[in-house]
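A, B, ... follow the sequence lines: proteins, then strands. Residue 1 opens every chain.
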Amino acid sequence: MTAAALRVAMLAVLLALVIRPHWFEPVFAPLAPAGGPVIYDRASLLSLSLNHLGLVLAASVTATLVAVGLAVLVTRPAGAAFRPLARSVANMGQTFPPVAVLALAVPSLGFGSGPTLVALFLYGLLPILENAITGLTNLPRATMEAARGIGLSRGQRLMRVEIPLALPVILTGIRLSVVIALGTATIGSTVAARTLGEVIIAGLLTSNTALVLQGGLIVGLFAVLIHDAMLQIETRLLRGGRI
Amino acid sequence: MRVPWHRAFSAPGVLFAGLGFAALLAPFMTIAANRIVAGDGIRAWDMAPDYATWPGLAAVLVGLLLGLPERLALVRLGGAVQGLCGLVLLLSIGGPALLEGAGTNARVSPALGFWCLLGIFLLLVADALVRMAPGPPARAGLLALAVGALAAVLGSGVLSDLSVLQEYASRREAFLAAAWRHLGLAFGSLALAAVIGFPLGILCHRAANLRAATLPVLSFLQTIPSLAMFGLMIPVLSWVGRTVPGAEAAGIAGIGFAPAFLALVLYALLPIVGNTVAGLAATPPAAREAARGMGMTPGQRLWRVELPLGLPVILTGLRIVLVQNIGLAVIAGLIGGGGFGTFVFQGLNQTATDLILLGALPTVALALTAALFMDILVDLTRPAQEARHD
């Protein structure tokens, strides 16, 4: 009950911060330097939020499709030779710091949303790939035997048995990936992507704590609420008895 | 026994050989008039006259071909190492040759072809090592060799013509200061988080209601994007600096080291506490019963049974934190906290690619080394029968 109330309250604050930022003027005013803006006014917070979420959504959807596709490929007999390699790439690749991936994308792709999208995609791929490989390799042997026994073809086994069984682990990977993407997209504004990080960076550059706090709150609330929503979906799916 | 011909080849080896030959056709180095403008790409064999690049090219080509035999993982490893040597040789010959008569401000850097081949050979090394499955001591030796070889190549000066190393040469002291600061942020915050996190984890293991209250809060903190977290620390710490007596004198202020350090500590708590709880809870019930039957006190059970058995899981938590901290410490560069991030963000502001690389490459190398080192440590603490189950 209290958790639900907290969620609603956080969502309400978030929406108000994004859609009606001027309501918070009295709250942030003491933190702004004399003469500096109290509320970020160089772009609408709503458009920055939509842009931010759009980047994350685009990158995460592509990363999910590619990662699950690759995981399916390396867990088939034909691609089995690549499985150890895919595993170590997924494992070691995640040690690359997101900021470094972002910064390294700039020399080849220039500034803007392009390098951010590529960095988000590449970096988001790895947790999903790792989890999908784990999920698709650790299937209960008895179930797989039964699926083969009732005459399901390879394709049917994949779609009706393997993927549904691996789904919880894959979803966990997607959740991790989305949370990382939300954070990395924030840093994307240092390479001139139009995301909510812009507000924080503007605050840092002009020593305007009001803006830093504002941007930080919005990004933080988005991340926490999205993470929570995805966690809810996972537990529903698990509890739903379909799996 | 005869092996069918298509089974004799390693599938990743074939793929990498194909990609490697393609990458050789891409520009291997670029030469630019100064450090800001974009350069012209030059292919490996056009970099120097009089066949000077041939030994390096041969080493790369043969290295790619040695990656092919499926059964001979050691040959594949050797081939990949030889290929890496070939890449260094090509850079060391191409650099001076391209700079000759190109003007005092001219800069040479590795280009797409080099980076692709580097990635390919590193993946070949990884693939061969996975097949050979060396134990922790052998891996530690290999890691030390790799770090030593990298230090030797960088220290010998054969690559000093490269643009990124010229950036280094012109700010050697700033680089060393940034390196120390980066390490201080990453390891210092790890130490403080461990001092807080281990006792907290042990308490959480004992008391279910504390656990239920603590872990969600920590995972909530972990979810907050890094830039927001670093930013949110600023008002908090500038308030502390202003109001708590003596805090300002101790260097606690809104920007700089303190907010970055605190943000890293907060991020580090979840993996440490969470893995301590998981590690302690993973003690097999039989072992716990036996300890109780022997009349051990709860304290003795903790120190002699639960902690040793949970050590691999706890160390895995430390690995996560260390790698994460090394990466996140880059953000400190944005709030005046120093570290390699300073160069990254300076480079982004000046669109000076080499300055970005000067900050990003050491960070990546440091994170990779830390991950490999901690993996070895985790495997060493794992009971023998479990160690090879992957």
Side-chain angles (χ1 to χ4, degrees), chain A residues 3 31 78-82 84-85 87-89 91-92 94-104 106-108 110-111 179-180 182-187 189-192 196-197 199-201 203-205 207 209-213 215-224 226-228 231, chain B residues 10-12 15 70 109 112 115 122-123 126-127 129-131 216 219-220 222-232 234-235 238 254-255 323-324 326-331 333-336 340-341 344-345 347-349 351 353-354 356-357 359-361 363-364 367-368 370-372 375 390:
Chain A
L31 295 167
F82 288 94
L85 187 66
R87 254 206 186 125
S88 39
V89 167
N91 186 16
M92 282 296 126
Q94 286 180 71
T95 62
F96 277 60
V99 202
V101 176
L102 198 59
L104 292 176
V106 170
S108 42
F111 284 85
V179 168
I180 296 171
L182 279 165
T184 311
T186 318
I187 309 166
S189 55
T190 57
V191 300
L196 287 163
V199 184
I200 305 177
I201 302 276
L204 290 175
L205 290 178
S207 331
T209 313
L211 296 187
V212 173
L213 195 60
L217 274 178
I218 297 178
V219 176
L221 283 172
F222 264 125
V224 167
I226 290 173
H227 177 261
D228 180 62
L231 199 62
Chain B
S10 145
L15 176 71
E70 164 73 30
S109 345
L112 183 69
W115 293 114
L122 289 179
L123 288 172
D127 191 48
L129 283 180
V130 170
R131 284 308 147 81
S219 92
F220 175 89
Q222 187 86 4
T223 316
I224 298 173
S226 49
L227 187 57
M229 181 76 109
F230 279 70
L232 291 174
I234 292 177
S238 65
I255 57 167
V323 171
Q324 176 180 290
I326 290 171
L328 285 174
V330 174
I331 315 273
L334 270 180
I335 60 170
F340 290 132
V344 173
F345 295 116
L348 286 172
N349 280 337
T351 62
T353 302
D354 302 304
I356 301 179
L357 291 180
L361 292 179
T363 315
V364 169
L368 271 176
L372 291 169
D375 280 343
D390 201 32

Option that, when pairs with chain B are counted at under 4.5 Å, heavy atom only, ranks first among A:Val106, A:Val101, A:Thr190:
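Max contact count across the listed options: A:Thr190.
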Taking every heavy-atom pair that is under 4.5 Å apart, which of A:Ile226, A:Val212, A:Ile200 has the most such pairs with chain B?
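That would be A:Ile200.
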Just jot down the side-chain contact (heavy atoms from CB on, under 4.5 Å) partners of A:Val224, sequence neighbours excluded, or say none.
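Counting only residues at least two positions away or on another chain, A:Val224 forms a side-chain contact (heavy atoms from CB on, under 4.5 Å) with A:Met10, B:Phe220, B:Thr223, B:Ile224.
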Run the numbers on B:Ile326 and A:Thr95 for side chain to side chain contact (heavy atoms under 4.5 Å, CB included), then give the verdict.
CA-CA 9 Å; B:Ile326 290 171; A:Thr95 62; over 6 Å; no
Would A:Met92 and B:Asp375 count as a side chain to side chain contact (heavy atoms under 4.5 Å, CB included) here? Give the steps.
CA-CA 11 Å; A:Met92 282 296 126; B:Asp375 280 343; 3.6 Å; yes
Go through the steps to decide whether A:Leu204 and B:Phe230 satisfy the test side chain to side chain contact (heavy atoms under 4.5 Å, CB included), and finish with yes or no.
CA-CA 10 Å; A:Leu204 290 175; B:Phe230 279 70; over 6 Å; no
Here's a test for you: under side-chain contact (heavy atoms from CB on, under 4.5 Å), which of B:Asp127, B:Val130, B:Leu129 qualifies with A:Ser88?
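It is B:Val130; the other options fail the test.
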Contact summary for B:Ala228 and A:Gly220, nearest pair of heavy atoms:
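Heavy atoms only, the tightest pair is CB-N, 4.5 Å.
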Between chain A and each of B:Leu112, B:Thr353, B:Leu348, B:Val330, count heavy-atom pairs under 4.5 Å; write down the option with the most.
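Option with the greatest count: B:Leu348.
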Considering only heavy atoms and a distance below 4.5 Å, find which of B:Val344, B:Thr363, B:Ile356, B:Leu368 pairs most often with chain A.
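Sorted descending by pairs with chain A, the first entry is B:Leu368.
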Any side-chain heavy atom of A:Val219 within less than 4.5 Å of one from B:Leu227?
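When only atoms from C-beta onward are counted, B:Leu227 and A:Val219 do not touch, as no gap falls below 4.5 Å.
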Contact check, side chains of B:Val364 and A:Pro97, non-hydrogen atoms, under 4.5 Å
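Side-chain contact under 4.5 Å: yes.
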Check against side chain to side chain contact (heavy atoms under 4.5 Å, CB included), B:Phe340 and A:Val99:
CA-CA 11 Å; B:Phe340 290 132; A:Val99 202; over 6 Å; no
Quick one: CG on B:Leu123 to CG on A:Leu85, what's the gap to the nearest 0.5 Å?
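Answer rounded to 0.5 Å: 5.5 Å.
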